[in-house]
Every structure is written in C-alpha cells, then in structure tokens.
Undergrad: 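The structure is given below, and queries will be raised subsequently.
Numbering of residues begins at 1 and proceeds along the displayed sequence.
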Amino acid sequence: MTISEGKAKDKILLYAIEHEENGFVAASELAKKVFGDGLNIDEVTLLIKKISNSRDEIATTQFGELNSYICATGLTQRFLDQGGYEQLEIEEQAEVEEQKQHQNIQIELAQTTIEANRLNTRNSKFNRFTTIINILIGLINVGLLLYQLFR
C-alpha cells in the first residue's frame with residue numbers, strides 16, 4: 001500500500017498533536033509507530049523537512065545529526081481541520097488538470113485555425129488579402145498558445 005506524500009505529512013502532524021505533551025517527536029518514533037514498514041527514518045526526515053519548508057508555523061522542527069524532530073504548534077490542528085496537506089495535493093492536482101485542459105483547447109484552436117488557413121489558401125488564390133488576414137489570425141493564435149504555455 002502506497003501512501004501519498006500529503007497523507008503522510010498529515011499523519012506526522014496528527015501524531016505530533018496527539019503526543020504534544022511529550023514535546024518533540026523523533027523521526028525514528030514516527031517511522032516505527034506511525035508508518036511501520038511503510039517509511040524508513042530517512043523518508044520521515046525528508047517529510048519533516050518538507051513540512052518545515054512548506055508552511056509557516058504549522059509545526060516546530062529540529063534537525064540533529066542522527067535524528068530529526070517535530071512538535072505541533074497552535075496552528076497545526078487548524079491546518080489539519082482545513083484539509084491539511086492532503087487537501088493541498090487535491091487542489092494542486094485539480095489546477096494541473098485544468099491547465100492541461102486549457103492547453104489542449106488552445107492547441108485544438110490553433111490546429112483548427114491552421115487547417116482553415118490551409119483550406120482558404122487553396123480555395124481563394126485570387127483573394128490574397130483574406131489569406132493574409134487568416135494567416136495573421138493563425139499566427140496570433142499560435143502566439144497566444146505559446147504565451148499560455150510559457151506563462
């Protein structure tokens with residue numbers, strides 16, 4: 001069973017809240033008691049570093065030579081109540097999917113415009129003005145597509 005990074009981070013924060021009275025929780029303890037064979041100490045340490053770098057004051061962290069530690073703050077429970085890292089992952093995936101759909105629509109539009117220009121060029125040999133306008137529209141569409149892709 002594979003656990004998502006967001007869910008793993010949320011489990012770490014939840015365990016830190018549950019053991020808040022003990023102070024800092026060690027990565028080795030998290031690896032054994034929360035993840036069992038799922039994650040090793042180095043993977044838990046990496047997740048703690050990511051928690052430390054991703055949001056202000058969600059948790060207090062300390063890093064030693066042999067172990068890393070995490071402690072819940074007053075904002076940890078509120079963050080989890082709002083969906084935690086799992087919710088952030090869902091929102092991020094939805095945004096990526098929306099961008100892909102938008103890019104696909106732009107590509108389709110550009111292809112349609114290019115095909116229309118190709119047909120127009122064949123059918124209107126004598127109407128160069130119309131052809132030039134259609135080519136310019138196609139180029140504008142391609143430019144807009146490139147703008148959307150690199151924005």
Undergrad: Is there a continuous path of hydrophobic side-chain contacts, each under 4.5 Å between heavy atoms, that joins I58 to F63?
TA: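 In one cluster: yes.
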Undergrad: What pairs with S4 under side chain to side chain donor-acceptor pair (under 3.5 Å), at least two apart in sequence or on another chain?
TA: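 Applying side chain to side chain donor-acceptor pair (under 3.5 Å) to S4 gives E89.
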Undergrad: What's the spacing between I90 CD1 and Y85 OH if we round to 0.5 Å?
TA: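 Rounded to the nearest 0.5 Å, the CD1-OH separation comes out at 15.0 Å.
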Undergrad: Which other residues belong to the hydrophobic cluster containing V96, where Ile, Leu, Val, Met, Phe, Trp and Tyr are joined when side-chain heavy atoms lie under 4.5 Å apart, directly or via other members?
TA: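 The other cluster members (ILVMFWY side chains, heavy atoms under 4.5 Å, direct or chained): none.
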Undergrad: Taking the side chain as every heavy atom from C-beta outward, state whether L39 and L47 have any atom pair closer than 4.5 Å.
TA: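 Yes. Closest side-chain heavy atoms under 4.5 Å.
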Undergrad: Quick one: side chain to side chain donor-acceptor pair (under 3.5 Å) partners of E92, sequence neighbours excluded?
TA: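 In terms of side chain to side chain donor-acceptor pair (under 3.5 Å), with neighbours along the sequence ignored, E92 is linked to no residue.
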Undergrad: Can you sort out the partners of Q111 under side chain to side chain contact (heavy atoms under 4.5 Å, CB included), two or more places apart, ordered by chain and number?
TA: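 Side chain to side chain contact (heavy atoms under 4.5 Å, CB included) list for Q111, sorted by chain: I107.
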Undergrad: Check salt bridge (Lys or Arg N to Asp or Glu O under 4.0 Å) between E5 and all other residues, then give those that pass, not counting sequence neighbours.
TA: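 With sequence neighbours excluded, E5 shows a salt bridge (Lys or Arg N to Asp or Glu O under 4.0 Å) to K9, K50, given in chain and number order.
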Undergrad: If the condition is side chain to side chain contact (heavy atoms under 4.5 Å, CB included), which residues does E98 pass it with, not counting sequence neighbours?
TA: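 With sequence neighbours excluded, E98 shows a side chain to side chain contact (heavy atoms under 4.5 Å, CB included) to no residue whatsoever.
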Undergrad: Kindly state each residue pair satisfying side chain to side chain donor-acceptor pair (under 3.5 Å) with at least one member in residues 135-150, sequence neighbours excluded.
TA: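 Found H102-Q148, T113-N141, Q148-R151.
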Undergrad: If two hydrophobic side chains count as joined below 4.5 Å and joins carry through other members, does I70 share a cluster with I17?
TA: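 Yes, because I70 and I17 connect within a single hydrophobic cluster, where side-chain heavy atoms sit under 4.5 Å apart.
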Undergrad: For Q99, give me all partners under side chain to side chain contact (heavy atoms under 4.5 Å, CB included), at least two apart in sequence or on another chain.
TA: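 For Q99 the side chain to side chain contact (heavy atoms under 4.5 Å, CB included) partners, ignoring immediate neighbours, are E95.
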Undergrad: Does E57 offer a backbone N or O that forms a donor-acceptor pair with the side chain of T73 under 3.5 Å?
TA: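 Yes, the answer is positive, given that a donor and an acceptor are paired below the 3.5 Å cut-off.
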Undergrad: Excluding sequence neighbours, so at least two apart, what forms ring pair (Phe, Tyr, Trp, His ring centres under 6.0 Å) with H19?
TA: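 Applying ring pair (Phe, Tyr, Trp, His ring centres under 6.0 Å) to H19 gives Y15.
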Undergrad: Output the rest of the hydrophobic cluster of Y69: all Ile, Leu, Val, Met, Phe, Trp and Tyr residues reachable through side-chain heavy-atom contacts under 4.5 Å, sorted by chain and number.
TA: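 Once heavy-atom contacts under 4.5 Å are chained together, Y69 belongs with F24.
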Undergrad: Please name all residues satisfying side chain to side chain donor-acceptor pair (under 3.5 Å) with N40, sequence neighbours left out, ordered by chain then number.
TA: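 Counting only residues at least two positions away or on another chain, N40 forms no side chain to side chain donor-acceptor pair (under 3.5 Å).
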Undergrad: Would a distance-only check, ignoring hydrogens and angles, find a side-chain to backbone donor-acceptor pair under 3.5 Å from D10 to E86?
TA: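 Yes.
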Undergrad: Sequence neighbours excluded, which residues qualify as side chain to side chain donor-acceptor pair (under 3.5 Å) partners of D81?
TA: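 In terms of side chain to side chain donor-acceptor pair (under 3.5 Å), with neighbours along the sequence ignored, D81 is linked to Q77.
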Undergrad: If hydrophobic clusters are built by linking Ile, Leu, Val, Met, Phe, Trp and Tyr wherever their side-chain heavy atoms come under 4.5 Å apart, do L13 and L46 end up in the same one?
TA: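 L13 does not cluster with L46.
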